[in-house]
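Some notes on the structure that comes next.
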Amino acid sequence: MTGDRKMEGLAAAVDRFNTHYVYVVDNDVSNWPECFAEDGGYHVLTKDSASEDLPAGFLFFERKPQLIDRINALLNASIYPKANLRHLIGACKIHEATGDRIKATAPFVVYESREQEVPSVYATGQYEDEFIRNEGGELLLLSRRCVLDNDIVRTMMALPL
Amino acid sequence: MSTIRTLEHSTPSSIDYRVYDDPEIFALEQERIFRGPVWSFLGLSSEVPEENCYKSTFVGETPVVLVGGKDGALHAWVNRCVHKGAKVCRNARGRAEGGAFVCVYHQWAYDATGALRSVPYRRGMVGKGGMPASFDIKAHRMMPLRVDKVGDMIFATFSDEAPDLRSFLGPAMCRAIERIFVRPTKVIGRVAQRIEANWKLYAENSRDSYHGGLLHLFYTTFGLWRPAQDSKAEIDEVYGFHNSFQIRKPQQAEDPQKHKEETARPLDAMTLLDPTLLELRQDIGDDISLSIQSIFPSVVLQQIGQALAVRHMIVREPGAMDLVWTYFGFQDDEEDMTRHRLRAINMVGPAGYVSVEDGEAVEICTDGIKGPDGHSLILMDIEKAENPTVPMGLDENAVRGFWKGYLKLMRAGEGQ
C-alpha cells in the first residue's frame with residue numbers, strides 16, 4: 001500500500017507540473033525553457049516514425065540553451081500564422097521512479113485558433129517524459145518526447161507543443 | 001475566362017492568377033503533366049529495400065504503389081482494383097507476403113507486378129454462379145507505370161512518349177542527384193505539412209533563391225547572414241524546369257572577427273546560445289554545404305549541412321497539397337553522425353529555422369490571388385538573364401524555367 005501511495009503522490013506531482021506547463025506554453029511562452037533542466041531535451045516526432053524506431057521528426061533539442069534559441073527565434077525572427085494555441089494534457093501515468101528520476105507519459109491535445117477562423121485540432125499525441133527534481137524539490141523535464149498521432153500538421157510547426 | 005485563354009495570357013514572367021486556382025487547369029494538369037510525358041518521383045530505394053516491400057504514394061492525384069520485385073526490379077501500378085475500383089493496397093508502407101496484394105472488398109488478388117492472379121468463386125460452386133466462361137484472368141491487371149531510378153531516387157511515368165529518365169533529367173541534374181547518393185542510404189524519419197495552396201506556388205518557392213534572406217530571417221536575426229556566398233546555380237539543359245542551387249563552405253578556417261565584419265550583421269543582432277546545429281561535418285566528400293535541387297514536377301532533393309531530405313509534393317486539389325519530408329542518412333553513419341543529422345534537421349522541415357515560413361508564404365499568395373483577374377511579375381534579372389546568375393538571390397531564372405516547361409506541356413496539342 002505504501003508503494004501505491006508513493007505512486008499516487010508522484011502522479012499528483014507530475015499532473016501539477018503539467019498544469020504549470022500548459023499555463024506557461026499558452027500564456028507565457030518565453031518562459032517555456034524554464035520547464036526544462038539545464039540538459040533537458042525536447043523532441044517532436046510522429047508515432048509512425050517512433051514505431052519504426054526512426055529518430056528524425058519535426059524538432060530535436062538536447063539542451064536548454066537550444067530551447068532558449070528556439071523561443072528567441074520564434075519571437076524575433078520566424079514568420080508564421082497568428083494563432084492562439086490551447087494545450088490540454090490528460091492525467092499522467094507513472095512508468096518508473098528511481099532515485100530522483102521519474103518516467104511518465106501523458107496524453108495531450110493542442111487546438112489552434114487562427115484569426116477569423118473557427119478553431120481546429122492542430123495535434124494529438126502523447127508526451128513521453130523523464131523528470132528530475134531541482135534543489136528545491138520541484139520537478140523539471142529532463143526529456144519531453146512529443147509523439148504525435150497525426151503524421152501531418154497544418155501549414156507549419158512553430159510554437160512548442 | 002476559358003482555360004485555354006488563361007494559359008495563353010500567361011508567359012514565364014507573367015502568370016495569370018487563375019492558373020493557380022482554376023479547377024479546369026487542375027484537371028488538365030493531371031492529364032498533360034502528371035499523366036503526360038513527365039517522370040514523377042515515387043520514393044527512395046531504401047523505402048523498398050527488398051523484394052515485395054512496397055510504398056503507397058501518388059502521381060498527381062492518382063494513387064500509385066511502388067513495389068520491389070525480383071532481382072532488384074521495381075514495379076509501379078495504379079492502386080485500383082479492376083473489379084470495382086477499390087484501393088487495393090491500404091497501407092502507406094509494408095511488405096506483401098509472397099508478393100500478393102489482395103483487395104479486401106472481394107479478395108481479388110494481384111502479384112507484385114499488378115497482374116490479376118485470382119478471383120474468388122470464379123467458377124462458382126456446385127455448378128452455380130461464378131464468372132462467365134469467357135472471363136480471362138490474364139487479360140486484367142492494375143495499370144502499370146514505367147519505373148526507373150537515378151541515384152536512390154525512383155521515378156515513374158504513365159507515358160510511353162516520355163524520354164528515358166536520364167534524358168528527362170538531363171546530365172547536370174543527374175550529376176547533382178548522384179553527388180548525394182555516394183553511399184547506400186537509409187530513411188531516418190518522416191514528417192509532413194498540409195499546405196493550403198496550389199502545388200505550383202511551392203514549386204516556385206523551391207526554385208526562388210530571391211526570397212531566401214528576405215523571408216527567412218533566422219540568419220539575419222542571429223547575425224549569421226553572409227551576402228556574397230560562394231554559390232553555383234544550374235538549370236537542366238533540355239527543358240529548363242529542373243534546377244539546383246549549391247553553396248560552398250568557406251574556404252579558409254573562419255576568423256570569427258573577420259566573419260563578423262563581412263556579414264550584414266545588424267547592430268542589434270541576437271546571439272545563438274548553442275550553434276551546434278550549424279556545424280558542418282565531413283559527409284559526402286566535397287565542400288558543398290548546401291544543395292537544393294528542384295525536379296519537375298513535384299520533388300526537391302536537399303542537403304542543408306547534414307540534413308539530407310527529399311520533399312515530395314502530394315497534389316491534393318487546386319488549393320491544397322501535402323509536403324512530405326523524408327529524411328535520410330547513410331547506412332554507414334555512426335550514431336554520432338545520426339545525432340548530428342537530427343540537430344541539422346532543426347533548420348529544415350515544417351518546423352525548421354530556415355523553412356518554417358514557406359508554408360505561410362505560399363498560403364498568403366493563395367489568399368491574395370482571389371478576386372479580380374491579375375498576373376504575377378517574375379522579372380528579376382530578366383534583361384541580362386545570365387544562366388545561371390551568381391551570387392544567388394538576385395534573379396528569378398529558375399522560376400521562369402519552371403513556367404517555360406509547364407506552359408509548353410500544358411499547351412501541347414493546342415496547335416500553339
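Note on naming: letters A, B, ... go to the chains in the order of the sequence lines (proteins, then strands), and numbering restarts at 1 for each one. Computed from a predicted model, the values in this text were never measured in an experiment.
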Original post:
Would A:Phe60 and B:Ile345 count as a side chain to side chain contact (heavy atoms under 4.5 Å, CB included) if you check the C-alpha gap in whole Å, the side-chain angles of each, and the deciding distance to 0.1 Å?
Top reply: CA-CA 8 Å; A:Phe60 178 79; B:Ile345 287 168; over 6 Å; no
**OP:** Would you indicate whether B:Arg90, at its atom CZ, is surrounded by more than 12 heavy atoms from other residues, nucleotides or ligands within a distance under 6.0 Å?
**Re:** no
Original post:
Given the options B:Val356, B:Val362, B:Ile364, which has more heavy-atom pairs under 4.5 Å with chain A than any of the others?
Top reply: B:Val356
Original post:
Once you round to the nearest 0.5 Å, how far does CZ of A:Phe61 lie from OG1 of B:Thr276?
Top reply: 10.0 Å
Original post:
Side-chain contact, heavy-atom cut-off 4.5 Å: A:Arg63 with B:Leu273?
Top reply: no
**OP:** Please report the shortest heavy-atom distance between B:Phe222 and A:Asn72, naming the atom on each side.
**Re:** CZ-CB, 4.1 Å
Original post:
Out of B:Glu196, B:Glu363, B:Gln193, which one pairs with A:Arg154 under the side chain to side chain donor-acceptor pair (under 3.5 Å) rule?
Top reply: B:Glu196
**OP:** Could you tell me which of A:Ala50, A:Ser49, A:Gly57, A:Pro81 has the largest number of non-hydrogen atom pairs under 4.5 Å with chain B?
**Re:** A:Pro81
Subject >> Verdict with supporting geometry, A:Val153 and B:Arg194, side chain to side chain contact (heavy atoms under 4.5 Å, CB included) >> reply: CA-CA 6 Å; A:Val153 294; B:Arg194 166 67 49 90; over 6 Å; no
Original post:
Just how far is it from atom CZ of A:Arg70 to atom CG of B:Leu277, taken to the nearest 0.5 Å?
Top reply: 10.5 Å
Subject >> Over 12 foreign heavy atoms within 6.0 Å of CD, A:Glu52 >> reply: yes
**OP:** Go through the atoms of B:Val187 and report whether side chain, backbone, both or neither lie under 4.5 Å from a heavy atom of chain A.
**Re:** both
Subject >> Interchain contact, A:Leu45 with chain B, by part (heavy-atom threshold 4.5 Å) >> reply: neither
Original post:
Does B:Glu360 pair with A:Lys82 as a salt bridge, N-O distance under 4.0 Å?
Top reply: no
**OP:** List the steps, then state whether side chain to side chain contact (heavy atoms under 4.5 Å, CB included) holds for B:Arg190 with A:Leu54.
**Re:** CA-CA 8 Å; B:Arg190 296 180 190 88; A:Leu54 302 178; 3.6 Å; yes
Subject >> A:Lys47 NZ: over 12 foreign heavy atoms closer than 6.0 Å >> reply: no
Original post:
Taking every heavy-atom pair that is under 4.5 Å apart, which of B:Pro275, B:Ala92, B:Ala192, B:Gly359 has the most such pairs with chain A?
Top reply: B:Ala192
**OP:** Working to the nearest 0.5 Å, report the span between CD1 of B:Ile314 and CD1 of A:Ile152.
**Re:** 9.0 Å
Original post:
Is the OH atom of B:Tyr210 crowded by more than 12 outside heavy atoms at less than 6.0 Å?
Top reply: no
Original post:
Hey, does A:Met156 have a side-chain heavy atom less than 4.5 Å from the side chain of B:Glu357?
Top reply: no
Original post:
Taking side chain as C-beta onward, heavy atoms only, is B:Ile195 less than 4.5 Å from A:Thr155?
Top reply: no
**OP:** With rounding to the nearest 0.5 Å, note down the distance linking CZ in B:Arg343 to CD in A:Glu62.
**Re:** 4.0 Å
Subject >> Top contributor to chain B contacts, counting heavy-atom pairs under 4.5 Å, from A:Asp53, A:Leu74, A:Asp69 >> reply: A:Asp69
Subject >> Interface residues of residues 319-342 of chain B facing chain A - heavy atom cut-off under 4.5 Å >> reply: B:Asp322, B:Tyr327, B:Thr338, B:Arg339, B:Leu342
Original post:
What part of A:Asp48 is in contact with chain B, defined as an atom under 4.5 angstrom from a non-hydrogen atom: side chain, backbone, both or neither?
Top reply: side chain
Original post:
Going through the distances and angles, do B:Asp274 and A:Lys64 end up as a salt bridge (charged side-chain N to carboxylate O under 4.0 Å, His left out)?
Top reply: CA-CA 9 Å; B:Asp274 188 335; A:Lys64 188 164 156 185; over 6 Å; no
**OP:** Report yes if the side chains of B:Phe218 and A:Ser78 come closer than 4.5 Å at any heavy-atom pair, otherwise no.
**Re:** no
Original post:
To the nearest 0.5 Å, what is the distance between CG (B:Leu215) and CD1 (A:Ile79)?
Top reply: 5.0 Å
